[in-house]
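Single-structure report; data block below.
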Amino acid sequence: MDYLFILILNKSYFNHIIGMKEVFAEWGGDIFSREPKEYIWCESIFLKEGLLPLYIKNISPISFNDEDYISLYWGGWNSLQRWVG
């Protein structure tokens with residue numbers, strides 16, 4: 001069975017989430033944001049930033065636009081295993 005977990009947040013609230021940290025890459029002694037951006041929440045849940053699928057925009061009663069909202073995708077099975085033990 002396939003499934004998809006997307007966390008959709010207003011960007012004005014995103015910076016106030018407790019425990020959300022961006023994951024950076026280091027190369028040649030310099031630190032860069034990853035592309036797409038990656039985040040870790042509560043030290044165990046990995047999320048990747050992405051575009052909201054068009055089918056969700058079409059069925060949603062809320063008008064989402066990429067300038068005001070951030071879409072975070074669950075980082076995969078390893079993320080869940082770390083979270084539930």
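Start at 1 with the first residue, then count along the sequence. This one's a predicted model, so the numbers in the text were calculated from it and none came from an experiment. These values consider heavy atoms only, across backbone and side chains, with no hydrogens, waters or symmetry-generated copies.
- Considering only heavy atoms from C-beta on, R34 comes within 4.5 Å of V23 through its side chain.
- Qualifying salt bridge (charged side-chain N to carboxylate O under 4.0 Å, His left out) partners for K37, counting only residues two or more places apart in sequence or in other chains: none.
- Around atom NZ of K48, no more than 12 heavy atoms belonging to other residues, nucleotides or ligands sit under 6.0 Å away.
- Distance CG/L52 to CZ/F64: 6.5 Å, rounded to 0.5 Å.
- Here the CG atom belonging to D68 is positioned 12.0 Å from the CD1 atom belonging to I62, to the nearest 0.5 angstrom.
- To the nearest 0.5 Å, atoms CD1 (I6) and CG (L51) are separated by 10.5 Å.
- Between I45 atom CD1 and M20 atom CE the span is 8.5 Å, to the nearest 0.5 Å.
- When only modelled atom types and interatomic distance are considered, S71 and E49 share no side-chain donor-acceptor pair under 3.5 Å.
- Nearest heavy atoms, Y73 versus P53: OH-CD, 3.1 Å.
- The ring pair (Phe, Tyr, Trp, His ring centres under 6.0 Å) contacts involving residues 12-38 comprise F14-Y39, where partners must be two or more places apart or lie in separate chains.
- Between L47 and W41, the shortest heavy-atom distance links the atoms CD1-CB, 4.5 Å.
- Considering CG of L72 and CD1 of I70, their distance stands at 4.5 Å, rounded to 0.5 Å.
- Between K11 and E67, none of the side-chain N atoms (NZ, or NE/NH1/NH2) sits under 4.0 Å from a carboxylate O, so this pair counts as no salt bridge.
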